[in-house]
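Heavy-atom basis, side chains included; hydrogens, waters and symmetry copies ignored. Labels below follow one simple rule: chain letters A, B, ... track the order of the sequence lines, proteins then strands, and each chain is numbered from 1.
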There are 2 protein chains.
Amino acid sequence: MTETDGYGFELPLLLFAGFRSIIDELHAELAREGHPQARPAHGFALQAVGPQGATASEIGRRLGISKQAAGKTVDRLEALGYAARVPDPRDARGRLVVRTARGTELLARSAELFEQVRARWAAELGADRVRAMEQDLRAMVPSPLFRLDVSGWLG
Amino acid sequence: MTETDGYGFELPLLLFAGFRSIIDELHAELAREGHPQARPAHGFALQAVGPQGATASEIGRRLGISKQAAGKTVDRLEALGYAARVPDPRDARGRLVVRTARGTELLARSAELFEQVRARWAAELGADRVRAMEQDLRAMVPSPLFRLDVSGWLG
DNA sequence: TAAAAAGGTAAACCAGGTTGTCTATCGATG
DNA sequence: CATCGATAGACAACCTGGTTTACCTTTTTA
């Protein structure tokens, strides 16, 4: 990092700023539509729950965080009405985390809004440029799993 | 977000994964070179200090966080030997935060490593594709300031 | 020169991560 | 069929790094 922010330093900043601007736009609109409490982390976690539900331990594994941390996040989702815990019929130890209707609605609306953002990028830059960006990132990135250990990772 | 991760949902994920893979690579190497304690947040904060030094309040403003939070981060940088607080000769209220030699070294080495990563991307994808990615992101992103309120923002 | 603005610090709180320990249950194996 | 290792979940203690509120000191300004 020189004082003049050379090229090399700019690339990661731009990638993060791109990510952030999309997520900010998404959540500004979600807040307007009745989800003011929803945070980016909630969408990721809810996605990790999956349509069939999952145990907190499994969610932790999918997110790359401890089962305890996953449990706390599920507590939060539960408090906000996006997920619920039900007894696991096949394992008396476990409690299955499932999406509520509100949780499913949040994900569905998020998907629509993400499509809108991408369409705007395509309109602005050209569809081919957006496709190229995605293709290039796919080539350079190990795998676009949603690791959720961001808090601990960043700081 | 549909279950099948349509295009719209993939773009932000790819942007974040790209950012993250670069930062992970950087810090893996920094750790090998004697900076195992350095976290991504430290680099951002140290950058915000600037070559002339800055007050904690000013750092907070640059990073988009409260002066108290900035103060805590400076505490951390100080403990790790990357920054020091000196009396501000022009303001008896303030204490100027300045980079130590070790802090400057961390930033310089980071800059070199960022250049290396970008060169690898250019070799893999083609220099024009990397330039195009940067150009397109620059066009879509408000401004690539390093907001550091990520912890609070994400969760 | 008094009031407002700004720097720094401290305390209380929250979110979300960690590790470690404990109990209950599951599943495989002798 | 009993036992034992692995696993789910809960709980506690702790760390980092945000927040807000409050207060003191110093500087700026009206």
Notebook entry, point to check: Is any N or O donor-acceptor pair between the side chain of A:E58 and the base of D:dT7 shorter than 3.5 Å?
Noted result: no
Item checked: Residue whose closest nucleotide on DNA chain C lies nearer the 5' end, B:R61 versus B:K72 -> B:R61
Next item on the list: Among C:dG8, D:dA8, D:dT16, find the nucleotide with the atom closest to the side chain of B:S57.
Entry: C:dG8
Margin query: According to ring pair (Phe, Tyr, Trp, His ring centres under 6.0 Å), who are the partners of A:H35, at least two apart in sequence or on a separate chain?
Written below: A:Y82
Notebook entry, point to check: To the nearest angstrom, how far is B:R39 atom CZ from C:dG17 atom P?
Noted result: 14 Å
Next item on the list: Output the single nucleotide from C:dT19, C:dG17, D:dA8 whose closest atom is nearest the side chain of A:T55.
Entry: D:dA8
Item checked: Any residue meeting salt bridge (Lys or Arg N to Asp or Glu O under 4.0 Å) with A:R61, in chain and number order, not counting sequence neighbours -> A:E58
Next item on the list: Ignoring backbone atoms, test whether A:S66 places a side-chain nitrogen or oxygen under 4.0 Å from the OP1 or OP2 oxygen of C:dG20.
Entry: no
Checklist line | Helical stems, DNA chain C - three or more consecutive Watson-Crick or G-U wobble pairs below 3.5 Å | finding: C:1-30 with D:1-30
Checklist line | A:E78 CD to C:dA15 C1', straight-line distance once rounded to whole Å | finding: 17 Å
Notebook entry, point to check: Expressed in angstrom and rounded to an integer, what is the separation of B:D75 atom CG from D:dG17 atom C1'?
Noted result: 11 Å
Next item on the list: Could you tell me the separation between the CG atom of B:L96 and the C1' atom of C:dG8, rounded to a whole number of Å?
Entry: 13 Å
Next item on the list: Please confirm whether the backbone N or O of A:L46 pairs with a side-chain atom of A:R99, one donor and one acceptor, at under 3.5 Å?
Entry: yes
Notebook entry, point to check: Nearest to the side chain of A:R95, which nucleotide is it out of D:dA10, C:dG17, C:dG8?
Noted result: D:dA10
Note to self: Generate the contact string for nucleotides 24-30 of chain D. Rules: B means base contact, S means sugar-phosphate contact only, - means no protein heavy atom under 4.0 Å.
What the structure shows: --BS---
Note to self: Using only atom types and a distance under 3.5 Å, with no angle test, would you say the side chain of A:H27 pairs donor to acceptor with the backbone of A:D24?
What the structure shows: no
Note to self: I'd like to know if A:Q68 reaches the base of C:dG16 with its side chain such that a donor and an acceptor end up less than 3.5 angstrom apart.
What the structure shows: no
Next item on the list: Please name all residues satisfying salt bridge (Lys or Arg N to Asp or Glu O under 4.0 Å) with B:E124, sequence neighbours left out, ordered by chain then number.
Entry: none
Check: When all nucleic acid strands are considered with a 4.0 Å heavy-atom cut-off, which category describes A:A56: base, sugar-phosphate, or nothing?
Finding: sugar-phosphate
Margin query: Tell me the interatomic distance from A:K67, atom NZ, to C:dG17, atom P, rounded to whole angstroms.
Written below: 16 Å
Notebook entry, point to check: A:L80 CG to C:dG16 C1': how many Å, rounded?
Noted result: 14 Å
Next item on the list: Mind checking side chain to side chain donor-acceptor pair (under 3.5 Å) for A:E29 and listing every partner two or more places apart, or none if nothing turns up?
Entry: A:R32
Check: Does B:R76 have a side-chain nitrogen or oxygen under 4.0 Å from the phosphate oxygens OP1 or OP2 of D:dT16?
Finding: yes
Check: Between A:E115 and A:R120, is there a side-chain N and carboxylate O pair less than 4.0 Å apart?
Finding: no
Next item on the list: Please identify each residue that fulfils salt bridge (Lys or Arg N to Asp or Glu O under 4.0 Å) with B:E105, with sequence neighbours left out.
Entry: none
Next item on the list: Using a heavy-atom cut-off of under 4.0 Å over every strand shown, decide if A:G94 touches base, sugar-phosphate, or nothing.
Entry: sugar-phosphate
Next item on the list: Scan residues 51-72 of chain B for pairs that pass ring-ring contact (aromatic ring centres under 6.0 Å, His included), counting only residues two or more places apart or in two chains.
Entry: none
Item checked: Protein-nucleotide distance (B:I59, atom CD1; D:dG17, atom C1'), rounded to Å -> 15 Å
Enumerate, atom names and distances included, each donor-acceptor pair closer than 3.5 Å involving a side-chain atom of residues 84-91 of chain B, sequence neighbours excluded.
from	atom 1	to	atom 2	distance (Å)
B:R85	NE	B:E78	OE1	3.2
B:R85	NH2	B:D75	OD1	2.1
B:R85	NH2	B:E78	OE1	3.4
B:D88	OD1	B:R90	N	2.9
B:D91	OD1	B:R93	N	2.9
B:D91	OD1	B:R93	NE	3.1
B:D91	OD2	B:R93	NE	3.3
B:D91	OD2	B:R93	NH2	2.7

